[in-house]
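For reference, positions follow the sequence shown, starting with 1. Reckoned from all heavy atoms, side chains included, excluding hydrogens, waters and symmetry mates.
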Amino acid sequence: MRHGFLLDLDGTLYHGDRPIPYAAEFIRWLREKGYPFLYVTNNSSRTPEQVAAHLIKTGIEAKPEEVLTSSQAAVMYLQETGARNGRVLYIGEEGLRTALKDGGFEPVTEDAPVGTVAAVVQGIDRAFHYGKLLAAVRYIRGGAPYILTNPDHLLPWNGGLMPGAGSIAASIERASETPPIVIGKPSPIIMRYAVAKLGLAPGEIWTVGDNLNTDIRGGADAGCRTALVLTGLANAANVDEQMARTGVRPERICTHLMELAESLG
Ligand SMILES: [Mg+2]
């Protein structure tokens, strides 16, 4: 049987700068077998080049073209839905700005002269401030579609948590009274682009990750096979409680990535 893989990054292949045991071995196994795969990340802040460089730093071979970020998927969605013109108000970091430029859009900030923008696209922005909120809300209330790269409201950070794009989105949604179009996992939008990029049927694709709510829910909703690894958000101690709370059940639960590889042969 053919297998393809959509792989989560943080908590699945590395923790921050620390490699996760068996991750590099798993990627070597995929390459030896010739199984197609894609690194799929909800992180909108990095460019594919930066994502690949980070993977290489943790000992995992990676190329930018093997990466799909939520920023890239947001731009694919803009293109697919025929944004009215090329100007996009963005609230985000380098990964989002670069993806917009690469997609032929003109990323503008809250300082841009007043005029119509095709859309408001928002990701994580560690320099978020009131002026950006004001600009986003003005354009969204004026009819511009509001696109959110990823819904994660908290992110693991130095053993603690930091607010993610979803927490910024809560303020924009509140003031604009408009729910965003969500692109990243578990949204079917990024899953559809990821599946298309692999060129396999969803039933041939394993979605692999440490997060039941995003990786596993997104994979299952897209008709993919699902494998939860107990190396990140989910671990051996909390997996039963997490499954009960989310109502999400993966097809496989693996203590590490090579366990999945060995089971597939
Ligand atoms: Mg993860």
Do Ile147 and Val88 belong together in a cluster built from hydrophobic side chains that touch within less than 4.5 Å? yes
When you check the side-chain N and O atoms of Arg252 and Ser263, is any donor under 3.5 Å from an acceptor? yes
Are there over 12 heavy-atom neighbours, none belonging to Arg249, within less than 6.0 Å of that residue's CZ? no
Find out if a path of hydrophobic residues (ILVMFWY) with successive side-chain heavy-atom gaps under 4.5 Å connects Leu230 to Ile216. yes
Could you tell me if the side chain of Tyr35 sits less than 4.5 Å from the side chain of Leu264, heavy atoms only? no
Would you say Thr98 and Lys101 make side-chain contact, with heavy atoms under 4.5 Å? no
Decide yes or no for Leu155 and Ile124: does some side-chain heavy atom of the first lie under 4.5 Å from some side-chain heavy atom of the second? yes
For a side chain to side chain donor-acceptor pair (under 3.5 Å) check, start with the C-alpha distance between Gln72 and Tyr193, then their side-chain angles and the critical distance, and finish with the verdict. CA-CA 10 Å; Gln72 290 178 293; Tyr193 296 143; over 6 Å; no
Shortest non-hydrogen contact from Ser45 toward Gln50: O-OE1, 4.1 Å
With a 3.5 Å cut-off and sequence neighbours excluded, list the donor-acceptor pairs that the side chains of residues 22-34 form with protein atoms.
{"unit_1": "Arg31", "atom_1": "NH1", "unit_2": "Glu66", "atom_2": "OE2", "d": "2.8"}
{"unit_1": "Arg31", "atom_1": "NH2", "unit_2": "Glu61", "atom_2": "O", "d": "2.9"}
{"unit_1": "Arg31", "atom_1": "NH2", "unit_2": "Glu66", "atom_2": "OE1", "d": "3.0"}
{"unit_1": "Arg31", "atom_1": "NH2", "unit_2": "Glu66", "atom_2": "OE2", "d": "3.4"}
{"unit_1": "Lys33", "atom_1": "NZ", "unit_2": "Gly265", "atom_2": "O", "d": "3.3"}

Hey, does Thr69 have a side-chain heavy atom less than 4.5 Å from the side chain of Thr149? no
Looking only at non-hydrogen atoms, find the nearest pair between Asp8 and Gly209 and report the distance. CB-CA, 3.7 Å
Kindly assign one of parallel, tilted or perpendicular to the pair His3 and Trp206, based on the angle between their ring planes and the thresholds 30° and 60°. tilted
Same hydrophobic cluster for Leu7 and Ile205, using side-chain heavy-atom links shorter than 4.5 Å among ILVMFWY? no
Could you tell me whether the side chain of Leu55 reaches within less than 4.5 Å of the side chain of Leu9, counting heavy atoms only? yes
Just say parallel, tilted or perpendicular for the rings of Tyr39 and Phe37, cut-offs at 30° and 60°. perpendicular
Should the heavy atoms of other residues, nucleotides or ligands under 6.0 Å from CZ of Phe128 be counted, would the total exceed 12? yes
List the atom of Leu38, the atom of Val67, and the distance in Å for their closest heavy-atom pair. CD1-N, 4.3 Å
